[in-house]
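The structure under discussion appears below in the form of structure tokens.
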Amino acid sequence: MSVRITEVEAYNGPDDPASHAFTRTPRSEIMYGPPNRLYVYQIHTHHCANVVTSPEGQGSAVLIRAGAVIDGVQAARDRRGGVAEHLLARGPGNLTRALGITKADLDTDLLDPVGVHLLPADPASDPTAGGHVIAGPRVGVRLAADRPWRFWIDGEPSVSAYRRHPRA
DNA sequence: GTTTAGATCAACT
DNA sequence: GTTGATCTAAACG
């Protein structure tokens, strides 16, 4: 199955207190590794998927927050239950559940077309091609809550709502 | 000191 | 009823 990514958040290295890479530990080491690899972490009872985006040693990654399911809706529904289609991969926890991403996929090379991977958008069949990308503060982060490092496609129903952290 | 499991709660649907 | 770069505490190395 495949989803069209509609919402992401950027997390930087040592200068971003909201990032797991803020402190360099064995867990965050993957963020300091080569780019285009998958970083998965657990929160509550969910998983969240990130793409390492920086050259080795820099520690930047992008959290995939939401997507629109463009293929394999039935497979997503099997994992997510009978929710509305635009909600199948809305929110980082829902997205990983819809795609079936777990920690078993940690460190996957996302340019390798085996298993979970990234593909460029197809302008011919992509309804959001040319869509407006808007930036704003990240969702639910307590630290560095005002950095406008969340990016989403304007008007996409699959984009999650903004919630500021109560103690931010 | 770091990681993981489990809880928690305010804003969301 | 759900969701979640939170929070705390116990387990780990």
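Throughout, protein chains are lettered first and strands after them, A, B, ... in sequence-line order, and every chain is numbered starting at 1. Below, all heavy atoms of this structure are taken into account, side chains as well, without hydrogens, waters or symmetry copies.
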Under 3.5 Å, which N/O atoms of the protein pair with N/O atoms of nucleotides 7-13 of chain B?
from: B:dC12; atom 1: OP1; to: A:Y162; atom 2: O; distance (Å): 2.9

As a test of reading the structure: which of [options] is closest to the side chain of [X], going by heavy atoms?
X      : options             : value
A:R167 : C:dG4, B:dT2, C:dC7 : C:dC7
A:Y39  : B:dT4, C:dA5, C:dC7 : C:dA5
A:R142 : C:dC7, B:dT3, C:dA5 : C:dC7
A:K103 : B:dT4, C:dA5, C:dT3 : B:dT4
A:R27  : C:dC7, B:dT4, C:dA5 : B:dT4

Ring-face cation of A:R150 near A:Y162 (centre distance under 6.0 Å, axis angle within 45°): no
Measure [atom1]/[X] against [atom2]/[N] and give the value in whole Å, please.
X      : N     : atom1 : atom2 : answer
A:H20  : B:dT2 : NE2   : C1'   : 13 Å
A:L88  : C:dT2 : CG    : P     : 15 Å
A:L143 : C:dC7 : CG    : C1'   : 12 Å
A:H47  : C:dT3 : NE2   : P     : 14 Å
A:R138 : C:dG4 : CZ    : P     : 17 Å
A:H165 : C:dT3 : NE2   : P     : 18 Å

A:H47 and A:I101, any side-chain heavy atoms less than 4.5 Å apart: no
Contact check, side chains of A:L88 and A:N94, non-hydrogen atoms, under 4.5 Å: no
Salt-bridge criterion met for A:D122 and A:R4 (N-O under 4.0 Å): no
Is [X] close enough to [N] that one of its side-chain N or O atoms is under 4.0 Å from OP1 or OP2 there?
X      : N     : result
A:H46  : C:dG4 : yes
A:N94  : C:dT3 : yes
A:Q42  : B:dT4 : no
A:R150 : C:dA5 : no

Whole-Å P distance, B:dA7 and B:dA11: 23 Å
Nucleotide paired to C:dA5 in any strand shown, Watson-Crick or G-U, under 3.5 Å: none
Nucleotide forming a Watson-Crick or wobble pair with C:dA11, both distances under 3.5 Å: B:dT2
Minimum-distance pair of heavy atoms, taken over all atoms of [X] and [Y]:
X      : Y      : result
A:D16  : A:R138 : OD2-NH1, 2.8 Å
A:I5   : A:I153 : O-CD1, 4.0 Å
A:S158 : A:T6   : OG-OG1, 3.0 Å

Per-pair stack call A:Y41 and C:dA5, 5.5 Å, 30°: yes
